[in-house]
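Below is one structure, written out as structure tokens; comments come after it.
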Amino acid sequence: MRALLACAITLATWAPGAHAALTRQEALDRCVAQLVGGERIGEVLYSADFETGDLSDWHADPGCKVVDAPGGGKCVEVRLSGNDHEDFVCLKKIPVTPGHPTAVAWRERAIEGSQPLFVRVDFLDANGVTGTPYATQDRARTGADWTNNAILVSSWFPEYTRSITIHFHHPPDAQTASLLDDVRVVDLAPAVDALLKQQLDDARAGLERLVAD
């Protein structure tokens with residue numbers, strides 16, 4: 001059966017107007033790009049839009065607070081208030097599935113200074129304990145307007161990872177402020193599977209057209 005389906009995909013890609021079959025990595029890259037484009041895909045493992053003003057899920061340094069967002073709604077203003085990497089930290093231990101591609105998505109907007117906002121992910125084992133390595137971080141894309149971000153953080157996970165926490169911070173001593181909104185941790189496995197299934201369905205349809213011709 002697998003060989004027949006593979007043959008179907010190959011034959012369908014020969015059809016006029018057909019595109020080369022996506023690999024799983026290519027499908028994953030496309031899904032991450034969709035997140036960056038603002039699309040809502042995948043299984044949401046955690047989300048925060050700050051509309052209620054409730055920050056009980058978060059450790060917020062004194063410089064961080066819920067404010068009115070440009071264009072409407074609420075967001076969080078993130079300001080440096082100490083010489084550390086813990087400006088705004090999610091207190092939730094967010095379970096992840098080993099082997100599943102997992103991304104952190106959010107949008108942000110610079111309002112003062114030029115230093116980037118960083119996202120940091122801490123790794124926890126099945127007992128909620130950090131190991132080695134214990135965390136990795138990367139800088140965000142930012143600008144004077146709202147900018148969507150998505151990072152495939154599962155590529156950072158050591159093998160022991162069973163849950164994560166997420167932090168947002170500026171570099172220590174940075175005179176910078178940013179707005180943060182629409183934070184999501186997303187399992188992309190369902191989206192990747194759906195994209196590959198659609199490709200297979202299209203291949204079947206293409207094969208049926210070839211046979212009919």
Side-chain angles (χ1 to χ4, degrees), residues 31-32 35-36 38 40-66 69 74-82 84-110 115-142 146-172 174 176-189 191:
C31 287
V32 173
L35 283 179
V36 172
R40 321 287 292 194
I41 60 171
E43 178 188 356
V44 177
L45 306 178
Y46 177 80
S47 65
D49 61 13
F50 311 113
E51 290 302 309
T52 66
D54 180 15
L55 293 181
S56 59
D57 282 358
W58 298 79
H59 162 77
D61 274 3
C64 301
K65 60 184 178 181
V66 176
K74 301 290 186 181
C75 63
V76 171
E77 181 179 306
V78 181
R79 287 182 178 272
L80 182 74
S81 60
D84 58 27
H85 296 85
E86 299 185 349
D87 299 351
F88 194 58
V89 181
C90 185
L91 301 174
K92 293 284 188 180
K93 295 177 180 178
I94 304 162
V96 296
T97 301
H100 280 210
T102 304
V104 176
W106 71 99
R107 63 181 190 136
E108 72 166 89
R109 180 172 182 160
Q115 292 292 325
L117 191 67
F118 282 79
V119 61
R120 169 180 142 184
V121 174
D122 284 25
F123 317 121
L124 307 169
D125 65 15
N127 297 314
V129 178
T130 57
T132 303
Y134 70 90
T136 303
Q137 67 178 16
D138 200 357
R139 68 175 57 202
R141 299 165 56 248
T142 192
W146 284 114
T147 304
N148 292 324
N149 282 267
I151 294 178
L152 187 69
V153 297
S154 55
S155 63
W156 301 345
F157 293 174
E159 289 186 5
Y160 71 79
T161 305
R162 296 298 179 272
S163 63
I164 61 173
T165 59
I166 51 176
H167 305 217
F168 292 93
H169 70 88
H170 294 112
T176 297
S178 302
L179 299 181
L180 174 70
D181 198 11
D182 196 19
V183 176
R184 286 167 290 140
V185 179
V186 183
D187 185 334
L188 287 174

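The basis for the numbers below is simple: all heavy atoms, side chains too, and nothing from hydrogens, waters or symmetry mates.
Checked by atom type and distance alone, the side chain of Thr102 pairs as donor or acceptor with a backbone atom of His100 at under 3.5 Å. Remark: side-chain polar atoms of Glu43 are not paired, donor with acceptor, to backbone N or O of Asp187 under 3.5 angstrom. Checked by atom type and distance alone, the side chain of Asp125 pairs as donor or acceptor with a backbone atom of Gly128 at under 3.5 Å.
At least one side-chain heavy atom of Leu180 sits less than 4.5 Å from a side-chain heavy atom of Trp106. Residues Leu55 and Phe88 have side chains in contact (heavy-atom distance under 4.5 Å, counting atoms from C-beta outward). Side-chain contact check for Ile164 versus Phe157: some heavy-atom pair is nearer than 4.5 Å. Contact of the Thr136 side chain with the Val121 side chain is not registered, since no non-hydrogen atoms from C-beta on lie closer than 4.5 Å. Side-chain contact between Cys31 and Ile41 is present, with heavy atoms from C-beta onward closer than 4.5 Å. The shortest distance between side-chain heavy atoms of Phe50 and Asp181 falls below 4.5 Å. Proximity of Phe168 to Val183: side-chain heavy atoms (C-beta onward) are separated by under 4.5 Å at one or more points.
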Next on the checklist: Checking Val32 against Leu188 for the side chain to side chain contact (heavy atoms under 4.5 Å, CB included) test, could you report, in this order, the C-alpha distance in whole Å, the side-chain angles of both residues, the deciding distance, and whether it holds?
Outcome noted: CA-CA 8 Å; Val32 173; Leu188 287 174; 3.9 Å; yes

Checklist entry - Should Val129 and Tyr160 be marked as a side chain to side chain contact (heavy atoms under 4.5 Å, CB included) after you check the CA-CA gap, both sets of side-chain angles, and the distance that decides it? => result CA-CA 10 Å; Val129 178; Tyr160 71 79; over 6 Å; no

Next on the checklist: As a quick check of understanding, evaluate side chain to side chain contact (heavy atoms under 4.5 Å, CB included) for Ser178 and Arg109, giving each step before the final call.
Outcome noted: CA-CA 6 Å; Ser178 302; Arg109 180 172 182 160; over 6 Å; no

Next on the checklist: I'd like to know whether Leu179 forms a side chain to side chain contact (heavy atoms under 4.5 Å, CB included) with Cys75, so could you lay out the CA-CA distance, the side-chain angles of the two residues, the decisive distance to 0.1 Å, and finally the verdict.
Outcome noted: CA-CA 6 Å; Leu179 299 181; Cys75 63; 4.0 Å; yes

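In plain terms, the two heavy atoms of Lys92 and Asp57 that are nearest each other are CE-OD1, 3.2 Å. Taking all atoms of both residues into account, the shortest heavy-atom contact from Arg184 to Val44 is CG-CG1, 4.5 Å. Annotation for Pro158 and Pro133: closest pair CG-O, 3.8 Å, computed over non-hydrogen atoms. Closest heavy-atom contact between Val96 and Ser163: CG2-N, 3.9 Å. In this structure, Ser154 and Pro101 approach most closely via the heavy-atom pair OG-CA, 3.4 Å. Closest heavy-atom contact between Arg79 and Gly63: CB-O, 3.2 Å.
The CZ atom of Arg120 lies 4.5 Å from the NE2 atom of His167; values are rounded to the nearest 0.5 Å. Note: Thr165 OG1 to Asp122 CG = 4.0 Å, rounded to the nearest 0.5 Å. Once rounded to the nearest 0.5 Å, the distance linking CG of Asn149 with CG of Asp182 reads 11.0 Å. Between the NE2 atom of His59 and the SG atom of Cys90 there is a distance of 12.5 Å, given to the nearest 0.5 Å. Note that CZ of Arg141 and CD1 of Ile151 are 10.0 Å apart. Values are rounded to the nearest 0.5 Å. Between Leu117 atom CG and His169 atom NE2 the span is 8.0 Å, to the nearest 0.5 Å.
Residues passing the salt bridge (Lys or Arg N to Asp or Glu O under 4.0 Å) test with Lys93: none are found, sequence neighbours excluded. In this view, Asn148 and Arg107 satisfy the side chain to side chain contact (heavy atoms under 4.5 Å, CB included) rule, not counting sequence neighbours.
Under 3.5 Å, the side chains of Thr52 and Asp54 contain no donor-acceptor pair of N or O atoms. Side chain to side chain, Glu108 and Thr142 meet the donor-acceptor criterion of an N or O pair below 3.5 Å.
Ring pair Phe123/Trp156: centre-to-centre distance not below 6.0 Å.
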